[in-house]
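Just below is one structure, and these are the notes that go with it.
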Amino acid sequence: MTSPVTRFAPSPTGRLHLGNVRTALFNYLLARREGGRFLLRIEDSDRARGGEELLEALLVDLRWLGLDWDAGPGAEDERGPYRQSDRDALYAEAYARLERGGRAYPCFCSALELEVSRKTQLAAGQPPRYAGTCRDLDAEARAARIRDGRQPSLRFLVESGQTVSFNDLVRGPQAFVSDDLGDFVIRRADGAPMFFFCNALDDALMRVTHVLRGEDHLSNTPRQLLLLEALGMSVPAYGHLPLLLGREGRPLSKREDSASLHQMRQAGFLPAALLNYLLRLGHAGAPDGWVEPVDLPSAFHLDKVGRAPAHFDEAQLLHWQREAVNRLNAVALAAWIAPAVAELGPDRLATLAAVAGRNLNFPTEAPDWAGVLFGELPPVQPEATLAIQEAGPAFFAAALEAYDSEGPDLAKIAALVRTRTGCKGARLYMPLRAALTGLTHGPELAPLLRAMEPHLLRRRLAAQAGHAGETV
RNA sequence: GCUCCCAUCGUCUAGAGGCCCAGGACACAGCCCUCUCAAGGCUGGUACGGGGGUUCGAAUCCCCCUGGGAGCGCCA
């Protein structure tokens, strides 16, 4: 493979879902592993739908994930523009060529007529295809209709009796008969170009060599092949990825918001976690363990992409999230939890991150630990209450005394309490943990003690020692 | 309705006729370690959708069925 050019071509009509993102990732990895180019093209040919905000958000999410594009919005080059809404002149030229060559013709059929025709065919057990009504209109008939004020769409003429075949990058040899296609619209009556058309044309114009896309495009591929052939343009190699299934076993769609990249980002998932998860969905080339983002391209193998649809599984994503959190360095860890504890100063933030950061799955869990260290205890868990009660006030009186003489040194406090109460092991440490954090689990106790505000530490011990007037 | 695609543990998957009474990872359960959680180590259960062929031998090849999905738009 010599220097592949791949692309991701989203339409800014909603948030990206994980299926879209995986498609983007595979294209990105395919380009990166061979030192090729990865393009980003915005398919906004239906101007009405997308919004600038949506587009901007899409770019931000993509960058956040680390899928940087060599050319695209914000990185134009001579093969651009990279927004279809800016490419009308290019499309116009192609339409003209097709019409001149007799490969496309104006169609005056109304939406109603087409609808009736489709229903009739369906009812007769026929696949719904354009009947060819306007195919053989002569120049005079066309002129007459235009004089009537009718706006034609432009249809591509598909010759019957042809077999269109290609070798799918992931599915192998494919063959379709052109009779099943029917003449399809390439320009709407209002002048807007259709997806099949600009998508294929742009790929050719941008010299894209490999197109990895969702399986929903598989049976549309022959149309695009025919189109490019009629235009005399080179065709990319196509590979069709199985769809990603959601929790209900249904394909992911833009409506399934929980699986949107944006939401996952908002929830605090780390890019590297998402990347590690996505790399393994429907792809068997990855090793078992963690793959650093920079090593992702070499872990990707096109021939290891599967043909069966894969399910989105949150438990597995969570596993990679834990891995990712554990691999964050101190600075990154602090930056990751910062938004959730915005009121903390830099010093306290760093302390919190160092002490409890790696125990978190999401930043939303940080405020509770901030409370433990610097403020109010979160609600005390029943198991914690139990541990405190079992230890009894004398236990905490000893602990308080030890703290007052030794300071926040867990080893020394533990030693003293042990000699005084005879408690050891879990019966020694657990009550301390419970009283100081309100929880029976969490990060290592010793660093927790050192990081905790002294007056809070003292107050919590005192409260359990039964000293009057002192509360947790 | 028509055309096409897919089918191994709960999930991601290995498996391209004997190496598989099916391997790994995640999840789950138990044990070890440990102040707890996590990590780590060990152990365990759970899968070739069904039926026919072909073959000495099939998860692997063929056919049918079932189940799931996609496409058939003046949507992208």
Side-chain angles (χ1 to χ4, degrees), chain A residues 9-14 43-46 49-50 84 107 109-111 114-115 118 121-130 151-155 168 171 174-177 179-182 184-196 198-199 214-223 240 242-243 245 249-251 254 277 279-289 304 306-320 322-323 325-326 358-361 383-384 387 410 414 423-434 437 439-446:
Chain A
S11 102
T13 53
E43 309 233 318
D44 58 352
S45 60
D46 63 332
R49 282 170 70 185
Q84 289 186 331
C107 170
C109 295
S110 70
L114 294 171
E115 182 63 19
R118 189 175 305 121
Q121 292 180 73
L122 237 23
Q126 298 288 317
R129 278 194 275 281
Y130 180 61
Q151 286 286 319
S153 64
L154 190 65
R155 276 185 194 272
D168 192 283
R171 277 152 205 278
Q174 308 284 318
F176 297 83
V177 289
D179 303 48
D180 289 342
L181 266 26
F184 54 94
V185 174
I186 54 179
R187 186 182 63 209
R188 302 199 303 212
D190 66 6
M194 290 286 291
F195 164 79
F196 287 139
C198 32
N199 178 268
E215 169 197 289
D216 47 338
H217 292 293
L218 178 61
S219 37
N220 291 329
T221 306
R223 289 173 222 273
H240 292 89
L243 266 17
L245 272 23
R250 310 198 54 83
K254 292 200 167 157
Y277 178 58
L279 175 69
R280 294 168 168 88
L281 265 190
H283 172 239
D288 277 347
K304 296 285 192 183
R307 290 144 304 261
H311 295 74
F312 169 71
D313 178 28
E314 196 148 14
Q316 282 184 56
L317 211 206
L318 207 52
H319 164 74
W320 295 114
R322 288 201 194 95
E323 288 270 352
V325 172
N326 272 310
R358 294 203 164 72
N359 258 67
L360 310 178
N361 288 152
E383 310 88 76
L410 180 66
C423 291
K424 56 183 183 180
R427 292 189 49 228
L428 171 62
Y429 289 96
M430 194 46 78
L432 287 173
R433 174 180 291 282
T437 70
L439 300 168
T440 52
H441 59 85
E444 261 192 276
L445 207 41

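Within every chain, numbering begins at 1; the chains are lettered A, B, ... in the order of the sequence lines, protein sequences first and strands thereafter.
- Across all strands shown, B:rC19 forms no Watson-Crick or G-U wobble pair with both key distances under 3.5 Å.
- When both distances must be under 3.5 Å, the Watson-Crick or G-U wobble mate of B:rC72 is B:rG1.
- Contact check for A:Arg433 versus A:Leu439: no side-chain heavy atoms found under the 4.5 Å cut-off.
- If you take atom P in B:rC20 and the same atom in B:rU36, they sit 40 Å apart, rounded to whole Å.
- The line from CG of A:Asp313 to CG of A:Leu318 is 10.0 Å long, rounded to the nearest 0.5 Å.
- Between A:Gly425 and A:Tyr277, the residue whose closest nucleotide on RNA chain B is further toward the 5' end is A:Tyr277.
- Rounded to the nearest Å, the gap between the P atom of B:rC42 and that of B:rU66 is 47 Å.
- Residue A:Met194 places its side chain closer to B:rA76 than to any other of B:rU13, B:rA76, B:rC6.
- Looking at heavy-atom distances under 4.0 Å, A:Leu428 makes no contact with the nucleic acid at all.
- The CD atom of A:Glu215 sits 11 Å away from the P atom of B:rA7 (whole-angstrom rounding).
- When heavy atoms are screened at a 4.0 angstrom cut-off, A:Phe196 is found touching base atoms of the nucleic acid.
- Proximity of a side-chain donor or acceptor of A:Arg280 to a complementary backbone N or O of A:Ala286 within less than 3.5 Å is not detected.
- Counting non-hydrogen atoms of neighbouring residues, nucleotides and ligands closer than 6.0 angstrom, the CD atom of A:Glu444 reaches no more than 12 such neighbours.
- No contact: A:Leu318 has no heavy atom under 4.0 Å from any strand.
- Nearest heavy-atom pair across A:Gly182 and A:Arg223 is O-NH1, 4.1 Å.
- Nucleic acid contact for A:Pro128: base, since at least one base atom lies under 4.0 Å from a heavy atom of the residue.
- Here the separation of B:rG23 from B:rA16, taken at their C1' atoms, is 16 Å to the nearest Å.
- Each of A:Tyr429 and A:Ala189 has a nearest nucleotide on RNA chain B; the 5'-most of these lies closest to A:Tyr429.
- Going from the C1' atom of B:rA59 to that of B:rG17 covers 10 Å, rounded to whole Å.
- Within the shown strands, B:rC32 is the pairing partner of B:rG40 under the Watson-Crick or G-U definition, both distances less than 3.5 Å.
- Between the CZ atom of A:Arg223 and the P atom of B:rA76 there is a distance of 14 Å, rounded to whole Å.
- Listed nucleotides: B:rA70, B:rC74, B:rC12. Nearest to the side chain of A:Asp216: B:rA70.
- Rounded to whole Å, atom C1' of B:rA25 lies 13 Å from atom CG of A:Leu279.
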Distances under 3.5 Å only, N/O to N/O: pair up the protein atoms with those of nucleotides 26-32 of chain B.
{"unit_1": "B:rC26", "atom_1": "O3'", "unit_2": "A:His319", "atom_2": "ND1", "d": "3.4"}

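- Checking B:rA25 for Watson-Crick or G-U wobble geometry (two distances, each under 3.5 Å) identifies B:rU11 as its partner.
- Regarding contacts with the backbone of B:rG69, a side-chain N or O of A:Arg250 is found under 4.0 angstrom from either OP1 or OP2.
- For A:His311 and B:rC12, the shortest distance from a side-chain N or O to OP1 or OP2 is below 4.0 Å.
- Using a 4.0 Å heavy-atom distance criterion, A:Gln121 is classed as making no nucleic acid contact.
- Within a 6.0 Å sphere centred on CZ of A:Arg427, heavy atoms belonging to other residues, nucleotides or ligands number 12 at most.
- What separates CZ of A:Phe176 from P of B:rC72 is a distance of 12 Å, to the nearest Å.
- Under the Watson-Crick or G-U wobble criterion, with both distances below 3.5 Å, B:rC61 is paired with B:rG53.
- Atom P of B:rC9 sits at a distance of 22 Å from the matching atom of B:rC5, rounded to the whole Å.
- Comparing B:rC72, B:rG69, B:rC35 against the side chain of A:Glu444 picks out B:rC35 as the nearest.
- Between B:rC6 and B:rU46, the two C1' atoms lie 24 Å apart (nearest whole Å).
- Relative to the side chain of A:Leu122, the nucleotides B:rC6, B:rG1, B:rA76 differ in distance, and B:rG1 lies closest.
- Distance noted for atom C1' between B:rG51 and B:rA7: 16 Å (whole Å).
- No side-chain donor-acceptor contact under 3.5 Å links A:Asp44 to the backbone of A:Pro12.
- Within the nucleic acid shown, A:Arg118 comes within 4.0 Å of sugar-phosphate atoms alone, with no base atom in reach, counting heavy atoms only.
- Taking CG of A:Asp180 as the start and CZ of A:Arg129 as the end, the distance is 4.5 Å to the nearest 0.5 Å.
- Here B:rC6 presents its P atom at 6 Å from CZ of A:Arg171, a figure rounded to the nearest Å.
- Residue contacts for A:His217: at a heavy-atom cut-off of 4.0 Å it reaches a base atom on one of the strands shown.
- Side-chain contact between A:Glu383 and A:His441: absent, with no pair of heavy atoms (C-beta onward) separated by less than 4.5 Å.
- OP1 or OP2 of B:rC75 sits under 4.0 Å from a side-chain N or O of A:Arg188.
- Here A:Arg155 lies in heavy-atom contact (under 4.0 Å) with sugar-phosphate atoms only.
- Shown here, B:rU46 forms no base pair; nothing in the strands shown gives a Watson-Crick or G-U wobble contact with both key distances under 3.5 Å.
- A donor N or O paired with an acceptor N or O is found under 3.5 Å between the base of B:rC35 and the side-chain atoms of A:Arg433.
- Spacing between atom CG of A:Asp288 and atom C1' of B:rG23 amounts to 11 Å, rounded to whole angstrom units.
- Listed nucleotides: B:rG69, B:rA38, B:rC12. Nearest to the side chain of A:Arg280: B:rC12.
- If you measure from atom CG of A:Leu445 to atom P of B:rU36, you get 11 Å, rounded to the nearest angstrom.
- One P atom belongs to B:rA58, the other to B:rG53, and the distance between them is 12 Å to the nearest Å.
- One atom, CG of A:Leu218, and another, P of B:rC4, lie 11 Å apart when rounded to the nearest Å.
- Closest to the side chain of A:Asp180, out of B:rC72, B:rU3, B:rC5, is B:rU3.
- Here the nucleotide nearest the side chain of A:Leu243, chosen from B:rG69, B:rU13, B:rA76, is B:rG69.
- Under the 3.5 Å distance criterion, the side-chain polar atoms of A:Glu43 are left unmatched by any main-chain donor or acceptor of A:Phe195.
- If you take CG on A:Leu445 and CE on A:Met430, they are separated by 9.0 Å, rounding to the nearest 0.5 Å.
- No more than 12 heavy-atom neighbours from other residues, nucleotides or ligands sit within 6.0 angstrom of CZ on A:Arg307.
- If you check every strand for non-hydrogen atoms under 4.0 Å, A:Lys424 touches nothing.
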